[in-house]
Enquirer: 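Provided herewith is a single structure, encoded as structure tokens, for subsequent inquiry.
Chain letters run A, B, ... following the sequence lines, proteins first, then strands; residues in each count from 1. Predicted model, so just to flag it, every value in this text is computed and none were measured.
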2 protein chains.
Amino acid sequence: MIQTDLIKGSLRTIVLKLLKENGRMYGYEITRKVEELTAGKIKLTYGALYPVLHKLESEGILITEQENYNNRIRVYYSLTEKGHSLVSEKIRELMEFIESLQGIVNPQTGPTYA
Amino acid sequence: MIQTDLIKGSLRTIVLKLLKENGRMYGYEITRKVEELTAGKIKLTYGALYPVLHKLESEGILITEQENYNNRIRVYYSLTEKGHSLVSEKIRELMEFIESLQGIVNPQTGPTYA
DNA sequence: TACATTATATAAACATCTTATATATTTTGG
DNA sequence: CCAAAATATATAAGATGTTTATATAATGTA
């Protein structure tokens, strides 16, 4: 598994992106989705995820709905209007960051002449 | 400029990668190189860089040589043997992380059918 | 019946980064 | 010639974000 130090700073954006794509999700589901999309390489810890979700909620970026499923409580999170208008910006920033990282780690990237 | 939150966790690897490529560098030079490689998008702060450099030195991953250039002291950093054997591993991890991020942010990536 | 999975949550400890501050020389532009 | 910008390193306080440990509880599986 990838050392999750690397995730620092991008967790918020990852959460927002997934919620944008999937409409609404609960915490556990988010961790599973990330594992799925990264072939098991990134595993979110709940100690990091839940504080982020709660903070996003307190900032008015997410809203929660509690539902009961098999006698277990599920807390669904979804984007507010404010959240929606923020996501694209955040994703763009993250993509720009990824490109920058590639510029450093992989500086020879460019047109390949055959 | 990209919010440097995102840099968290990858700063160490960035430094190691640059030192591997350029042999030896001084702190200021590293910040310039990162700006150059990222088209000004990533600007390292000295409050982040120097502690990282000092820590890497204390861990035996870097060694320093002080030189005088125009009455200004320059502290050159370069990889130790231990450092060299660590870099490839760290770079591989970072690249894997970048790929994983892309898997999340850009899930539709794949062959494009014209 | 025991273990794995599903599900949320918090607290303490730790790591890392930003911002502010300090110091000092050389180069450049007016 | 003088002021400002660039060059160069460094630390401390505060903020932020993450890991690890812990707690609770129901369902599914072997």
Side-chain angles (χ1 to χ4, degrees), chain A residues 1-16 24-36 40 42-59 61-77 90 93-94 97 100-101, chain B residues 1-16 24-36 40 42-59 61-62 64-77 90 93-94 97 101:
Chain A
M1 179 178 52
I2 286 177
Q3 25 136 218
T4 31
D5 304 358
L6 289 172
I7 251 221
K8 288 181 193 223
S10 31
L11 183 49
R12 267 174 88 99
T13 305
I14 289 172
V15 167
L16 292 174
R24 61 172 213 167
M25 302 176 85
Y26 50 99
Y28 187 75
E29 192 184 4
I30 291 173
T31 66
R32 303 307 302 264
K33 194 71 182 174
V34 169
E35 279 184 58
E36 184 195 321
I42 296 182
K43 289 177 205 254
L44 303 185
T45 59
Y46 302 113
L49 179 64
Y50 286 113
V52 164
L53 287 170
H54 298 331
K55 184 141 194 240
L56 286 170
E57 191 191 0
S58 78
E59 289 171 6
I61 293 167
L62 304 181
I63 40 161
T64 60
E65 299 162 89
Q66 294 201 14
E67 275 180 36
N68 222 293
Y69 179 79
N70 274 347
N71 291 327
R72 285 198 217 93
I73 291 170
R74 272 188 190 166
V75 185
Y76 280 96
Y77 296 87
K90 283 286 171 195
E93 264 176 26
L94 184 55
F97 174 66
S100 294
L101 269 188
Chain B
M1 182 178 50
I2 287 177
Q3 25 136 219
T4 31
D5 306 1
L6 290 171
I7 250 222
K8 286 185 197 222
S10 31
L11 183 50
R12 269 174 85 99
T13 305
I14 289 171
V15 167
L16 293 175
R24 62 172 214 166
M25 301 177 86
Y26 51 100
Y28 187 75
E29 191 185 3
I30 292 174
T31 67
R32 305 307 303 265
K33 195 70 183 175
V34 168
E35 279 184 57
E36 184 196 320
I42 297 182
K43 288 177 206 256
L44 304 184
T45 58
Y46 302 113
L49 179 63
Y50 286 112
V52 163
L53 287 171
H54 299 331
K55 184 144 192 236
L56 287 171
E57 190 191 358
S58 79
E59 289 171 4
I61 293 167
L62 303 182
T64 60
E65 300 161 86
Q66 295 200 14
E67 276 181 35
N68 222 292
Y69 180 80
N70 275 347
N71 290 328
R72 283 198 219 92
I73 291 171
R74 272 187 189 166
V75 185
Y76 280 97
Y77 295 87
K90 284 286 170 191
E93 264 177 24
L94 183 55
F97 174 67
L101 269 188

Enquirer: Could you check how far CG of A:Asn68 sits from P of C:dA7, rounded to whole Å?
Expert: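 In whole Å, C:dA7 P and A:Asn68 CG are 12 Å from each other.
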Enquirer: Considering only heavy atoms from C-beta outward, does the side chain of B:Leu101 approach that of A:Ile14 to under 4.5 Å?
Expert: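 Sidechains of A:Ile14 and B:Leu101: in contact.
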Enquirer: Of all the heavy-atom pairs spanning B:Thr13 and B:Lys90, show the shortest one and how long it is.
Expert: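 Looking at all heavy atoms of both residues, the closest pair is CG2-O, 3.5 Å.
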Enquirer: Side-chain contact test, heavy atoms from C-beta onward, threshold under 4.5 Å: evaluate it for A:Ile61 versus A:Arg12 and give yes or no.
Expert: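 In short, these two side chains touch, coming nearer than 4.5 Å.
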Enquirer: Does A:Thr45 have a side-chain nitrogen or oxygen under 4.0 Å from the phosphate oxygens OP1 or OP2 of D:dT18?
Expert: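 So the side chain of A:Thr45 is outside the cut-off, no N or O lying under 4.0 Å from OP1 or OP2 of D:dT18.
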Enquirer: Working to the nearest 0.5 angstrom, can you tell me the gap between A:Thr45 OG1 and A:Leu49 CG?
Expert: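 So the gap between those two atoms works out to 8.0 Å.
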Enquirer: Please find the pair of heavy atoms, one from B:Leu56 and one from B:Leu16, that lie closest to each other, and give the distance.
Expert: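 Taking every non-hydrogen atom into account, CD1-CD2, 4.2 Å.
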Enquirer: Round to a whole Å and report the spacing from CD of B:Glu35 to C1' of D:dT7.
Expert: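 To the nearest whole Å, that distance equals 13 Å.
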Enquirer: Whole angstrom is fine here: how far is it from CG in A:Leu44 over to P in C:dT6?
Expert: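 A:Leu44 atom CG is separated from C:dT6 atom P by 15 Å.
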Enquirer: Heavy atoms only, 4.0 Å cut-off, all strands: where does B:Arg12 land among base, sugar-phosphate and nothing?
Expert: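 Here B:Arg12 touches no strand at all.
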Enquirer: Just wondering, do A:Tyr77 and A:Val15 contact through their side chains at under 4.5 Å, heavy atoms?
Expert: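 Answer no - side chains too far apart.
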Enquirer: One character per nucleotide, please: for nucleotides 8-14 of chain D, 5' to 3', B when the base has a protein heavy atom closer than 4.0 Å, S when only the sugar-phosphate does, - otherwise.
Expert: SBBB---
Enquirer: Does the side chain of A:Phe97 reach to within under 4.5 Å of the side chain of B:Ser10, using non-hydrogen atoms?
Expert: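 Contact flag for A:Phe97/B:Ser10 side chains = yes.
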Enquirer: How many whole angstroms separate atom NZ of B:Lys43 from atom C1' of C:dT18?
Expert: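 Taking NZ of B:Lys43 and C1' of C:dT18, I get 16 Å after rounding.
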Enquirer: Which distance, rounded to the nearest 0.5 Å, do you find between the OG1 of B:Thr64 and the CD of B:Glu57?
Expert: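 These two atoms lie 4.0 Å from each other.
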Enquirer: Can you check whether A:Lys55 has a side-chain N or O nearer than 4.0 Å to OP1 or OP2 of D:dG17?
Expert: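 True: A:Lys55 side-chain N/O within range (under 4.0 Å) of D:dG17 OP1/OP2.
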Enquirer: Using distance only, find each side-chain donor-acceptor pair of residues 24-33 of chain A under 3.5 Å and give its atom names and separation, not counting sequence neighbours.
Expert:
unit_1  : atom_1 : unit_2  : atom_2 : d
A:Arg24 : NH1    : A:Glu65 : OE2    : 3.3
A:Arg24 : NH1    : A:Glu67 : OE2    : 2.9
A:Arg24 : NH2    : A:Glu67 : OE1    : 3.4
A:Arg24 : NH2    : A:Glu67 : OE2    : 2.9
A:Tyr26 : OH     : A:Arg74 : NH2    : 3.1
A:Tyr28 : OH     : A:Arg32 : NH1    : 3.1
A:Glu29 : OE1    : A:Tyr26 : N      : 3.1
A:Thr31 : OG1    : A:Tyr28 : O      : 2.7

Enquirer: Can you check the A:Lys33 NZ to C:dT6 P distance for me, whole Å?
Expert: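 About 15 Å, once rounded to whole Å.
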Enquirer: Would you please confirm or rule out a distance under 4.0 Å between OP1 or OP2 of D:dT7 and any side-chain N or O of B:Asn70?
Expert: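 So the side chain of B:Asn70 is outside the cut-off, no N or O lying under 4.0 Å from OP1 or OP2 of D:dT7.
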Enquirer: Between B:Leu49 (CG) and C:dA15 (P), how many Å, whole number?
Expert: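 Those two atoms, CG and P, are 19 Å apart.
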Enquirer: C:dT6 P sits how many Å from A:Ile30 CD1, rounded?
Expert: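 Roughly 15 Å, once rounded to whole Å.
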Enquirer: Angle between the end axes of the helix from C:dT1-D:dA30 to C:dG30-D:dC1, five pairs per end, to the nearest 10 degrees?
Expert: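 The value is 40°.
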Enquirer: Nearest-Å distance, CG (A:Leu56) to C1' (D:dT16)?
Expert: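 A:Leu56 atom CG is separated from D:dT16 atom C1' by 14 Å.
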